[in-house]
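Comments concern the structure below.
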Protein chains: 2
Amino acid sequence: MTIRLLLADDHRMLREGLRRSMVDEGFDVVGEAADGDEAVQLAMSLQPDVVLMDVTMPNMDGVEATRRIREVIPDVKVVMLTMHADRDVVAEALRAGAVGYLVKDCSIDEICEAIRMVMREDAALSADVAASMLDEVHRTDLPATEHVVTKREEEVLQLIADGCSTVEVAERLFISQKTVKNHLASIYQKLDARDRTQAVLSAVRMGIVHLT
Amino acid sequence: MTIRLLLADDHRMLREGLRRSMVDEGFDVVGEAADGDEAVQLAMSLQPDVVLMDVTMPNMDGVEATRRIREVIPDVKVVMLTMHADRDVVAEALRAGAVGYLVKDCSIDEICEAIRMVMREDAALSADVAASMLDEVHRTDLPATEHVVTKREEEVLQLIADGCSTVEVAERLFISQKTVKNHLASIYQKLDARDRTQAVLSAVRMGIVHLT
DNA sequence: GTCGAAATAGGCCGTTCGACCTATCAATGT
DNA sequence: ACATTGATAGGTCGAACGGCCTATTTCGAC
């Protein structure tokens, strides 16, 4: 009873390397997807046990693909892969129905262990599994994106990164321009930035905001 | 006479997958580096035939690592790996002494082919090899970052992304503040940005400037 | 039950920004 | 030879920005 795997990553190099490794380790790699769309299609047609899914992919990101797969086939276990651990992305992925989360800096052995773990545990325990993987992530990666900026400040930053002016941010958040500027002033201190440009760039580097 | 390889990439997952694949294909993987510093150290101590080097790595980027390795051991052939094809990065990598350039979306077979190619050809031909790899890149990837902004404008953008104010950019480039503002105005039109924040973000998305 | 942090909002003030305009010079291409 | 483009530099002006204040409310923590 070998475990049937589906790999989803936009980089063929990683996909193929991963396939050989997983086959070596005794898994049955039933398919490879190069984007989110393909991942959803193949998941439905191939009915794998586990999907190893990259978060950043063309056409449809891994989180959305996970959501759609889980809607149709709730039995499939999705383990997310990502470059850097990012609290928000992790949270979103788990909400989308992923049972595990691995950074790309982990070893093949850790991937195997994670896959076997999610297959061993029943659905009721998968939340704990995810939690323990998160702990792992926290230990090995950034000590913490740990609330450097508050939730509201993060919203302001994201809107500015999305192209909004101070006035537009105020309108979108239903607050006064002055409050937006207050949040920005606070952000400048925390991120050691002298203007909105540097603040947004720092936030991008730290994974607080995302380039769309 | 097996070809001795050194792998340099900050993601263990890709590194290990690549190692298994390359070993399968008959190469001798003599070492793995997780950052630029380590790559330089290992290249010197292990004296590999070819280094597969990722461009984006902590501590020291792949381009700089390539430069240093080639300074000390000019015989080593460095093949660069990158997520997305970016004209500027490619040009910089070749100037640094890389003999080849591959996007991570290529197959293991293509990597093997590229490595065997750079080992077959003598130094005189390696420029052609690089050129043909570039052609490959141009076909498959972005049609062109194609001089959207001028060289000077790009310098201005990069300095602003690096944290310089208008005044500081002027000082660094030995031009007046007014000229910097002129360049910026031109950039805003070309990138359809309304301020420096959006201009820099667009430039980052387009790969024109790089976050350090 | 108080203390602190977060979110809200305002004023004031000097600096910077960006839009719109002209202008020169060198290089490049037709 | 002429047109175009890039790089340089300047002026003006209103809007936006950021620093430095105070102040209220709410909410969770201790």
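For clarity, every value in this text was computed on a predicted model and none was experimentally measured. Chain identifiers are assigned alphabetically (A, B, ...) following the order of the sequence lines, protein sequences preceding nucleic acid strands; residue numbering begins at 1 within each chain.
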Side-chain N,O ([X]) to OP1/OP2 ([N]) below 4.0 Å:
X: B/Thr179; N: D/dA9; value: yes
X: B/His183; N: D/dG6; value: no
X: A/Thr150; N: C/dA5; value: no
X: B/Ser186; N: D/dG6; value: no
X: A/Tyr188; N: D/dG19; value: no

- If you pin B/Arg196 and A/Phe174 to their nearest nucleotides in DNA chain C, which one's is more 5'? A/Phe174
[X] [atom1] - [N] [atom2] separation (whole Å):
X: A/Ile175; N: C/dG10; atom1: CD1; atom2: C1'; value: 14 Å
X: A/Lys178; N: D/dC21; atom1: NZ; atom2: P; value: 13 Å
X: B/Glu155; N: D/dG6; atom1: CD; atom2: C1'; value: 13 Å
X: A/Glu154; N: C/dA7; atom1: CD; atom2: P; value: 11 Å
X: A/Arg194; N: C/dC17; atom1: CZ; atom2: P; value: 9 Å
X: A/Gln198; N: C/dC17; atom1: CD; atom2: P; value: 12 Å
X: B/Ile187; N: C/dA19; atom1: CD1; atom2: P; value: 12 Å
X: A/Leu184; N: C/dA7; atom1: CG; atom2: C1'; value: 14 Å

So which nucleotide from [options] ends up closest to the side chain of [X]?
X: B/Arg152; options: D/dA9, D/dA7, D/dG19; value: D/dA7
X: B/Lys181; options: C/dG18, C/dA9, D/dA7; value: C/dG18
X: B/Asn182; options: C/dC21, C/dT8, C/dA9; value: C/dC21
X: A/Ser176; options: C/dA7, C/dG10, D/dG10; value: C/dG10
X: A/Asp195; options: D/dG18, C/dG18, D/dC17; value: D/dG18

- Item | A/Ser186 side chain to A/Glu153 side chain, donor-acceptor N/O pair below 3.5 angstrom | yes
- Go through the side-chain N and O atoms of B/Gln158 and B/Asp162 and say whether any donor and acceptor fall under 3.5 Å apart. yes
- Single hit among A/Leu5, A/Asp49, A/Leu102 for side-chain contact (heavy atoms from CB on, under 4.5 Å) with A/Ile115: A/Leu5
- Message: As a quick check of understanding, evaluate salt bridge (Lys or Arg N to Asp or Glu O under 4.0 Å) for A/Glu155 and A/Arg172, giving each step before the final call.
- Response: CA-CA 10 Å; A/Glu155 289 182 276; A/Arg172 297 268 200 111; over 6 Å; no
- Task: Map B/Gln177 and B/Glu153 onto DNA chain D by nearest heavy atom, then report which one ends up closer to the 5' terminus.
- Result: B/Glu153
- Task: Would you kindly compare B/Lys151 and A/Ala185 by the position of their nearest DNA chain D nucleotide and give the one closer to the 5′ end?
- Result: B/Lys151
- Query: Going from CG on B/Leu14 to NZ on B/Lys104, what distance comes out if it is rounded to the nearest 0.5 angstrom?
  - Reply: 5.0 Å
- Item | Within 6.0 Å of CZ in A/Arg194, more than 12 heavy atoms from elsewhere | yes
- A/Thr166 near the nucleic acid: base, sugar-phosphate alone, or nothing, with a heavy-atom cut-off under 4.0 Å? sugar-phosphate
